[in-house]
Amino acid sequence: MDTADRLELATRHTLEVIEEEELEALFDEGTPSAYIGYAPTGEMHIGHYTTMRKLADFIEAGIDVTVLIADLHAHLDDEKSPFDLLDARSEYYRVAIEGMIEAAGADPDEISFVRGTDFQLDEEYTLEMYRMAAETTLARTQRAGSRVVRESESPNLGGLIYPLMQTLDVKALDADIAYGGDDQRGIYMLSRETLPDHGHDAPVCIFAPLLSGLTGEEMSASKEDTKVNLNDSHDAVVEKIEDAYCPMGEREDNGVLEYLEYLVFPVLEEHGESFVVERPDEYGGNLVYDEFEELEADFLSEELHPADLKPAAGEYVSDVIGPIRERLDARPELLAEAYPEKYDQ
RNA sequence: CCGCCCUUAGCUCAGACUGGUAGAGCAGUCGACUGUAGAUCGACUUGCCCCCCGUUCAAAUCGGGGAGGGCGGACCA
């Protein structure tokens with residue numbers, strides 16, 4: 001595969017690449033490494049899946065991929081995860097992530113899993129963190145993490161250590177590429193500024209779009225109705241999509257369309273399948289789409305009505321998470337131990 | 001170590017001075033209207049009032065103690 005093809009694969013369906021020329025240079029040199037980190041806090045949802053799907057492209061493009069399960073970060077960010085649940089949540093995340101990677105059409109064995117505490121307590125790492133803390137202002141650090149770390153009237157120090165550690169993770173994992181959702185932008189811009197002073201190249205940054213929530217607002221981990229969980233039952237998925245904000249002919253803040261664009265169609269494309277909308281004859285009969293752009297055009301022209309789209313979308317979204325749901329359902333103890341307050345019986 | 005302030009519905013808070021076992025907004029649920037959802041109307045729900053002890057016929061409210069959180073002082077003089 002030549003550099004142009006690898007570039008196309010690695011960057012398709014992404015929001016932003018900083019900088020594309022640097023990525024091109026990495027491909028010319030050989031096999032770059034990329035990493036994405038997830039802090040094991042709340043339950044994994046469909047938004048995680050969209051970033052995960054990209055990893056399959058990375059592997060195919062000849063990139064070494066590492067997934068970091070950032071357990072310390074999960075606690076540093078306002079104690080979102082209690083310290084004594086870090087083991088359980090890390091394990092749940094690993095299994096869920098493997099499921100997503102497999103469902104996305106890649107082999108989980110081709111991805112390296114690393115846990116934060118495996119290396120973030122090393123003397124070298126720690127010492128460098130103190131040095132970085134000494135050279136970075138409060139305001140700069142706060143700004144870097146503002147979209148990731150929980151906002152509060154009385155923020156804890158942990159939220160400021162968070163961006164510094166994430167920056168050091170890039171170096172510790174020797175990553176050429178830092179990949180993540182667009183919310184990570186602030187932190188990785190800090191990394192690009194800081195790392196060259198700490199003996200590591202500024203990482204190429206690739207950002208995935210963040211999906212809108214189903215209620216028209218931002219997707220929120222704490223608001224059930226704004227997102228589809230990976231272990232939601234088929235009926236729960238269909239119902240959430242049915243209840244979703246979806247104005248006819250509009251794509252702004254339209255989570256349903258975004259789910260289809262970034263999740264359903266890429267998977268259908270992988271399997272060579274079409275998207276079928278069952279529509280009563282009264283409204284014109286069934287519709288078949290092979291590309292999202294066709295569906296989008298019909299939706300925008302109001303040829304495709306939300307009331308016909310939603311039931312179909314619900315079915316396909318449920319199918320997409322099906323394999324992951326099966327994995328999680330097969331091991332109920334994972335969720336029970338990771339979220340005892342919710343799954344205790 | 002000292003002083004002051006805060007803690008009431010899922011969230012933001014009112015009520016406390018002048019005791020009579022709780023309210024608003026938002027959120028949520030359900031209807032109406034739309035061939036979906038939203039918006040808009042209409043209805044409804046929600047509580048260890050941080051904990052313990054005391055005063056009282058009666059305590060979210062008064063007194064004492066404690067916990068958690070915030071702010072300031074103390075060192076630099």
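Letters go in sequence order (proteins before strands), and every chain restarts at 1.
Leu230(A) and Val238(A) are not part of a single hydrophobic cluster, where members link through side-chain heavy atoms under 4.5 Å apart.
Checking rG35(B) for Watson-Crick or G-U wobble geometry (two distances, each under 3.5 Å) identifies no partner in any strand. Base pairing of rA24(B) is made with rU12(B), judged by Watson-Crick or G-U wobble geometry with both donor-acceptor distances under 3.5 Å. Checking rC1(B) for Watson-Crick or G-U wobble geometry (two distances, each under 3.5 Å) identifies rG73(B) as its partner. When both pairing distances are held under 3.5 Å, rG47(B) makes no Watson-Crick or G-U pair with any nucleotide shown. Remark: rA67(B) base-pairs with rU7(B); criterion is Watson-Crick or G-U wobble with both hydrogen-bond distances under 3.5 Å. The partner of rU56(B) is absent, by the rule that a Watson-Crick or G-U pair needs both atom distances under 3.5 Å. Across all strands shown, rG42(B) forms a Watson-Crick or G-U wobble pair with rC30(B), both key distances being under 3.5 Å.
Taking atom CD of Glu258(A) as the reference point, atom P of rA37(B) lies 20 Å away to the nearest angstrom. Across the protein-nucleic acid pair, Asp298(A) atom CG and rU36(B) atom P stand 19 Å apart, rounded to whole Å. Taking atom NZ on Lys240(A) and atom P on rA37(B), their separation rounds to 18 Å, with Å as the unit. Here rG38(B) presents its P atom at 18 Å from CD of Glu252(A), a figure rounded to the nearest Å. With rounding to whole Å, Glu242(A) atom CD is found 11 Å from rG38(B) atom P. One interatomic measurement links the two molecules: CG of Asp308(A) to C1' of rG35(B), which rounds to 8 Å at whole-angstrom precision. When the P atom of rU36(B) is taken as reference, atom CG of Leu304(A) falls 14 Å away, rounded to whole Å. Residue Glu250(A) contributes atom CD, which lies 14 Å from atom P of rA39(B) at whole-angstrom precision.
More than 12 heavy atoms of other shown residues, nucleotides or ligands fall within 6.0 angstrom of atom CG in Asp84(A).
Rounded to a whole angstrom, the distance from the P atom of rG15(B) to that of rU56(B) is 29 Å. Across the P atoms, rG42(B) and rG25(B) are found 12 Å apart, a figure rounded to whole Å. On the P atoms, rA27(B) is 15 Å away from rU12(B), given to the nearest whole Å. Taking atom C1' in both rC50(B) and rA9(B), the straight-line distance is 15 Å, to the nearest Å. Straight-line distance between the C1' atoms of rA24(B) and rU45(B): roughly 15 Å, to the nearest whole Å. With C1' as the reference atom, rC48(B) and rC52(B) are 13 Å apart, rounded to whole Å. For the P atom pair drawn from rU7(B) and rA16(B), the interatomic distance equals 13 Å after rounding to whole Å. As rounded to the nearest Å, rC75(B) and rA22(B) have C1' atoms that lie 47 Å from one another.
The pair Glu303(A)-Arg279(A) counts as a salt bridge, with a side-chain nitrogen and a carboxylate oxygen less than 4.0 angstrom apart. Using a 4.0 Å cut-off between charged nitrogen and carboxylate oxygen, Arg89(A) and Glu43(A) do not count as a salt-bridge pair.
With rU36(B), rG70(B), rA37(B) as the candidates, the nucleotide lying closest to the side chain of Tyr245(A) is rA37(B). Each of rG35(B), rG70(B), rA37(B) was ranked by its minimum atom distance to the side chain of Lys310(A); first place goes to rA37(B).
For the pairing with His200(A), the side-chain contact (heavy atoms from CB on, under 4.5 Å) check across Leu195(A), Asp176(A), Thr194(A), Leu168(A) returns one residue only, Leu195(A).
By the 4.5 Å heavy-atom criterion applied to side chains, Asp308(A) and Pro280(A) are counted as neighbours.
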